Protein chains: 2
Amino acid sequence: MGTRKQSSTYTRNEKLIINCNMSYAVHVIGGRWKLLLLDKIRKGTSRYSDLKKEFSYISERMLTLQLKSMEQDGLIIRNVFAEVPIRVEYTLTPAATELIPILDLLSTWGSKQRALQGDNS
Amino acid sequence: MGTRKQSSTYTRNEKLIINCNMSYAVHVIGGRWKLLLLDKIRKGTSRYSDLKKEFSYISERMLTLQLKSMEQDGLIIRNVFAEVPIRVEYTLTPAATELIPILDLLSTWGSKQRALQGDNS
DNA sequence: CGGGATCCAATTTGATACTG
DNA sequence: CAGTATCAAATTGGATCCCG
């Protein structure tokens, strides 16, 4: 019984996901803003309004969708505080925490590769 | 002076790529079939017609586009043999080879995570 | 054989307005 | 504050036909 229903990037041809765990991982982190959000949350910015301020160029709709997708994929936990102005904070799951060092490797590779390829600012 | 011009997944808001090398890496490998192709090429299947046969469910258009994008991003090299029936083989670049172990980590993480999340085959 | 070009469908993203 | 809902625009993917 999967919790995941929608939020799937590739709904039609899931062969990709079925036979490749790499692709699954990339699928999970591959949303347009997910890595950026993951990085911010990891570094302590956890509140919805703060993320919204930080990434003013991301539409609220996308912000919400990506966060929701990450929540469904077990990357983040959504904590709701029933205060007077409601407060929502996001924290990383253990799975996401395990992912961080791998993402750092990707980051290193990426910067090296960009240098080689020639950056188009 | 960038060799890359098109083939960009996100043409409008490149802020993402500008301030996040992780995102760049994911961008480079994030194409729908790229990881699958990378994996095959890595394992020795390098000829266009073989890839086409292997991934019969990928349209030729996509196969070509993804290969071209990977070539532009410095992941693979396209070797053309001017024989009678023309032959084209693809090989990994050193950069792609460096990427492989990182992808393996992602694969491991992915399979673990899928088990936790409950797979919806 | 190894694509390229064209046309069309599916999916994703964005802008804006509204709500508990 | 923290989202939803709705509609439109941009991007991506697929089918088919053509070419050196």
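These figures come from a predicted structure and were not determined experimentally. Numbers restart at 1 for each chain; the letters A, B, ... are given by sequence-line order, proteins then strands.
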Is it true that B:D104 and B:R42 have a side-chain N and a carboxylate O under 4.0 angstrom from each other?
-> yes
If you check the A:S59 side chain, which of C:dG2, D:dG3, C:dG14 turns out closest?
-> C:dG14
The side chain of B:E60 lies closest to which of these nucleotides: C:dG20, C:dG2, C:dG3?
-> C:dG3
Going by heavy atoms in the side chains, are A:Y24 and A:V26 under 4.5 Å from each other?
-> no
Closer than 4.0 Å, any side-chain N/O of B:R61 to the OP1 or OP2 of C:dT6?
-> no
With heavy atoms under 4.0 Å as the rule, sort B:E83 into base, sugar-phosphate or nothing.
-> nothing
Would you mind classifying the nucleic acid contact of A:Y90 as base, sugar-phosphate or nothing, using non-hydrogen atoms under 4.0 angstrom?
-> sugar-phosphate
Does A:R32 make a side-chain N or O approach to OP1 or OP2 of C:dG14 shorter than 4.0 Å?
-> yes
Assert: residue with more 5' nearest nucleotide on DNA chain C, out of B:V88 and A:L65, is B:V88
Distance check: side-chain N/O of B:S49 vs OP1/OP2 of C:dG2, anything under 4.0 Å?
-> yes
A:K53 NZ to D:dC1 C1': how many Å, rounded?
-> 12 Å
Donor-acceptor under 3.5 Å (A:E89 side chain, A:N79 main chain) = no
Audit row: A:R47, A:V88, side-chain contact (heavy atoms from CB on, under 4.5 Å) steps and yes/no = CA-CA 6 Å; A:R47 194 167 169 182; A:V88 175; over 6 Å; no
Between A:W33 and C:dG14, does any side-chain N or O lie under 4.0 Å from OP1 or OP2?
-> yes
Are OP1 or OP2 of D:dT4 and a side-chain N or O of A:K68 less than 4.0 angstrom apart?
-> yes
